[in-house]
Amino acid sequence: MRYLRPGPLGSTLLKVLFLGLLDAGAVYFSVLLAWEGSWAALVLVVAGAAGVTYLALSQRAYPLRYLAPGLFFLVLMVVIPVAYNVYISFTNYSTGHILTKDQVIKVLTDKEYQPSPPIRYHFYGFGTEEALYGVLILIDSEPLFLRPDGELEPLTEHEVVDVDGDGVADKVDGYPRLGTRELLAHYQVLQGLRVPWKGGWLRLASLTQFGYFLPRYRYDPERDAIVDQRTGKVYFAGPDRFVAEDGEGLDPGWPRWVGLANYLRFIRDPLYHGAFGRVFLWNVEWAVLTVVLSFALGLALAVLLNDRKLKLRKLYRSLLIVPYALPAFISVLIWKGFFNTEVGLFNQLLGSHFGIRVPWLTDVFWARFSLILTNVWLTYPYMMLVSLGALQSIPGELYEAAAIDGASPWRRFTRITFPLLMISIAPLLIGSFAFTFNNFTIIWLMTQGNPVVKIGGRAGGTDILLSYAYKLAFQGARGNEYAMAAALGVIIFLIVALISGISFLRTRALEEVSRGL
Amino acid sequence: MASKGGLGRWGKRLLRHVLAWLAIAFALFPAAFVLGTSFNPVNSLSTTRILPQQPSLANYWRLFSDYAFPVWLLNTVKIAGISAVFSVFFCALGAYAFSRFRFRGRRTGLLTLLLVQMFPQALAMVAIYLILLKIGRYLPWAGLGTHPGLILVYLGGSIGFNTWFMKGYFDTIPRSLEESAMVDGATHFQAFWRIILPLARPILAVVFVIQFISFYSEYLIASFVLKGERSYTLSLGLYYMINEHYRDRWGVFAAGAVIGAGLILVIFYALQSQIVSGLTGGAVKE
C-alpha cells in the first residue's frame, strides 16, 4: 500500500530543512559526546537521529510514524523496566553491590588515611573578599602556594612582600592577606581542594590547617587486587568484591549474576521464607474476600435497584456510586481516621455507648478486618454497576416462564439470574481480583503493612506481596534489597499472568480478540 | 406474590426504599462526616458530630496558609494533566495506525499491547527507579525527583491499554469519510487530524478523564520518584500531612480532602455515564 504521495513543494522543503537541522545537530553532539567518552549517550543520539530520519523518509515505515511516539514511551517505561527488572532479579544488586567494579576501585583508591603522627601545616589566604587568589601553605622545607583551581607551586615563583618584616607574608602578587572572617567566605572553595603531593595529597584538615594524607588503598592491576597501604594486606578480586585471604571483604562491592539464588531465598532462607508464605496467604485472602464481599453487596444493591417501577432509582444509583467517584487515597485516609484507636469516630461511638475500644489498626485481625471493610466500601459500586448492566441484559421472558412454573423469587435468582449473570461478570471478577491483589495504595496508606508481627521482620501483618517488595526496595533497615524486591516483582508477574491466563481460557477472549484483529 | 394484595406490595416497595437509604447512608457517611468536619474549627478528630456547632472556614484558611497544599494541588493537576494529554494524543495516533493501516507486525503488535497492559507497571518499580536514576545523569531535569520524570513513567504505563481501547472505537468509525477526503487530496495525517479526531472526541474525552483521575490518585510510583515536600503530589502531601497527626490536623485534612475530592467528584458526575461505561468496560481506576 502506498501511503505517501509527493506533497506540495513547501512541505517537502520544510521536511528537508528539519531533517538537515536535526542530523546536523546529531553530528555535532556525537562529536562532543565522543570527545567526552559518553558512549551510551552517543549511541542513543545517533540511533535517535537515524530513527527519525528513517521514519520521515521511508515509504514502508509510514505506519510507524504514528506508532513511534507511543511506542517510545511504552518501551522506555514498560518494556525496558520489565526486562531490566527480570535481569536484576538474577543479580545481587543491593546496597553494597551497586557500583561497577571500576567505580568500586575508584571509591577505594580515593580513601585516605592519616600518617601517624598527623602532619599538619598552617596556611594563609590571599585575595579579596570576593575572590580567593590562593593560599600559602607553610611547609618548613618548601613553602607552597596553592591556587583555587588546584595548581600547586613553590612559593618562590610568586612575588611575596613582607611589609612589617615579621616573617609573615603580607602580600602575594599584590593580593593582601585575608583575615579569618574574610577567609571564611571562601571556605567552600577551600574544602573542595585536594591536591596531589608527595604520593599522597594535601587537603583542608581544619579551619587553620592543611593536612597531609596518604591513599589508603592502591589498586594492583597485575594481580587484580587492592593493597592496603597501611597494613600491607592484599584483597583479591572475588566475584562481587575484593576479599583478603583470611576472608575479610572490602565494602563496597559490585553486583554479580547469582542465578536463581534470590528466588530460592524466598523458599529456603529463614529471613524471607516465613514472611513470604504469610504475606502470600494474606494477599490471596485479601483479594478473595474483597471481591466476594463487594460483589455480594454490589449484586444485592443491583437487584434492589433493578426494578423499573422503583421511584428515585436514578438518584439512588448516583448516590451509591459516590465511593467510586472519590479518589481512593482520600477515602482511605478518611477511613483511617475513623479507625484511629484513641480519637477515631468508631472508638468514640463504641466507647461512649458500650464502653469498648477495638484495636482497629494495631491488632492483626482487626487491621485486616478494617482493610477489607474499607476496600469493600471502595469496590462495591463497581460491582453494582457491572451487575446492573448484566441484569438488564437478561431477557424478561425467562422470568415470565419461571413465574408461570411457580418458581419462588429465590429460586428464580439462583436458577436464572445468577448463572446468566456470571457468564458476563466472571471475567470482570477475575480482573478485579488481579487488581485488588496488587492494590498497594489502600494497604500502604491505611497500615503501611503493619502491625508488626515479628520483631525485626520486614513484612508486617497486613503486607501484601507488592508492599513487601516496596519495603525491601525502598524502606530497608538492611539497606535497599533491590534484587530481592525485583525477584518478588517477577513472582507477582507470574501470579498475575496465571490469573489472567485462567481468565482468558475461561472466556476465550483471546480467541475473539484474534478474530477481531 | 401478586395475590397478597396491595398492602404486601406497598410494604415491599417501602422495604426497598429503606434498604436503599441504609446503603446510601453507608456510602455517604464518610464523605458527609468529613465535609462537616472541614467547617468545624475544632481541629481534632475527637468529635462525633457531623454538623459543627460554629461553622467557619478556619480550616480552609489554615490549609492554604500553613501547608503547601496549593503547591501539591497544582503539581498534581499539572502532572496528571500533561500525562493525560500526551497519553491521549500518542494513543490516538497509534490507535489510528492499528485501525487503518495494514502492515507487517500489526497483529503481533496488538497482541503484545494487550499482554503488556495486563501487568501493573508498579511491579517493575525497582527497574523504573534505577532507569530514572540513569536518565537523571544525562538529563537532570527528567530524572529521579523531577516532575517530568514522573510524567515519563505515567505516560509509558498508560500507552498499552489506551491504544487498545481507542483502536476499538476507531474501528467503528466508517472508513468512507476518510476515503472521500483522500480522494479530494487529503493526506493520511490530514484525514486523521480533520476527520477521525473530531469524530472520536467523546472517546478522547473519556480516556483523558479516566487517565487524569487515575494519575491524580496514584501513590506508589510518585512516592519513590518525588523527593521533597514542595514537589509532592496531592496523594503524597495529604498522606504525610495527616498520617501521624490524626489528633491535631484532622480538621485541616478534612478541608484538603473536600477540595481534593471535590474536583474529581465534579468531573466524575459531569461525565458520569461516559466514565462509567468506560470504567466498567475494563479500564482500571485506582
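Every chain is numbered from 1 and lettered A, B, ... according to where its sequence line falls, protein lines coming before strand lines. Because the structure is a prediction, the values reported are computed rather than measured.
Closest approach of A:V78 to B:G156, counting heavy atoms only: CG2-O, 3.4 Å. Here the shortest heavy-atom pairing between A:P327 and B:G260 reads CG-O, 4.2 Å. Taking both residues in full, the closest heavy atoms of A:M77 and B:L152 are given as CG-O, 3.4 Å, listed atom of the first, atom of the second, then distance. Of all heavy-atom pairs spanning B:Y246 and A:G337, the tightest one is CE2-CA, 3.3 Å. Scanning all heavy atoms of the two residues, the minimum distance from B:A261 to A:L326 falls at CB-CD2, 3.7 Å. Across B:F268 and A:Y324, no two heavy atoms sit closer than the pair CZ-CD2, 4.1 Å.
For a residue to count as touching a neighbouring chain, one of its non-hydrogen atoms must lie under 4.5 Å from one of that chain's; by this rule A:N347 does not touch chain B. For chain A, the nearby parts of B:S223 are the backbone and the side chain; heavy atoms of each come within less than 4.5 Å. Interface remark: B:L132 contributes side-chain atoms only to the contact with chain A (heavy atom separation under 4.5 Å). Heavy-atom distances place the side chain of B:I135, and not its backbone, under 4.5 Å from chain A. When heavy atoms are compared at a cutoff of 4.5 Å, A:V303 approaches chain B solely by way of its backbone atoms N, CA, C and O. For A:F72, no part lies under 4.5 angstrom from a heavy atom of chain B. For a residue to count as touching a neighbouring chain, one of its non-hydrogen atoms must lie under 4.5 Å from one of that chain's; by this rule B:F89 does not touch chain A. With a threshold of 4.5 angstrom between heavy atoms, A:A300 does not approach chain B through any atom at all. Contact of B:L19 with chain A is made through backbone and side chain together, with heavy-atom distances under 4.5 Å. Of the two parts of A:L301, only the side chain, counted from C-beta on, holds a non-hydrogen atom closer than 4.5 Å to a non-hydrogen atom of chain B. For chain A, no part of B:R137 is nearby; none of its heavy atoms comes within less than 4.5 Å. Proximity to chain A is limited to the side chain of B:L113, based on heavy atoms less than 4.5 angstrom apart. With a threshold of 4.5 angstrom between heavy atoms, B:F189 approaches chain A through its backbone and through its side chain. In this structure, no portion of B:T163 lies under 4.5 Å from any heavy atom of chain A. When heavy atoms are compared at a cutoff of 4.5 Å, A:F474 approaches chain B solely by way of its side chain, counted from C-beta outward. A:Y87 does not touch chain B: none of its heavy atoms, backbone or side chain, sits under 4.5 Å away. Both the backbone and the side chain of B:V153 come within contact range of chain A, each with at least one heavy atom under 4.5 Å from a heavy atom of that chain. Contacts of A:F346 with chain B are made by side-chain atoms alone, with heavy-atom separations under 4.5 Å and no backbone atom involved. Only the side chain of A:I88 comes within contact range of chain B, with heavy atoms under 4.5 Å apart.
The choice from B:L28, B:V116, B:I131 that makes the most heavy-atom pairs within less than 4.5 Å of chain A is B:I131. Contact count versus chain A (heavy atoms, under 4.5 Å) is highest, among B:G94, B:S235, B:A122, for B:S235. Of the listed residues A:Y470, A:W377, A:Y84, the one with more heavy-atom pairs under 4.5 angstrom with chain B than any other is A:W377. Of the listed residues (A:L71, A:I80, A:I321), the greatest number of heavy-atom pairs within a distance under 4.5 Å of chain B belongs to A:I321.
Here the NZ atom belonging to A:K309 is positioned 9.5 Å from the CZ atom belonging to B:R16, to the nearest 0.5 angstrom. To the nearest 0.5 Å, atom CD of residue B:Q121 and atom CG of residue A:L74 are 9.0 Å apart. With values rounded to the nearest 0.5 angstrom, B:R106 atom CZ is found 10.5 Å from A:L67 atom CG. Taking CD1 of A:I334 as the reference point, atom CZ of B:F33 lies at 10.5 Å (rounded to 0.5 Å).
Other residues, nucleotides and ligands contribute only 12 or fewer heavy atoms inside 6.0 Å of the CZ atom of B:F86.
Donor-acceptor pairing under 3.5 Å is recorded for the side chains of B:H17 and A:Y316.
Test B:Y96, B:F90, B:F98 against A:Y66 for side-chain contact (heavy atoms from CB on, under 4.5 Å) and you get one pass: B:Y96.
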Discussion item. Is there a ring pair (Phe, Tyr, Trp, His ring centres under 6.0 Å) between A:F329 and B:Y239? Walk through the geometry before answering.
Written reply: CA-CA 8 Å; A:F329 76 94; B:Y239 174 66; 9.9 Å; no

Fill in: Steps toward side-chain contact (heavy atoms from CB on, under 4.5 Å) verdict (B:N243, A:L333)
CA-CA 8 Å; B:N243 190 34; A:L333 291 175; 5.7 Å; no

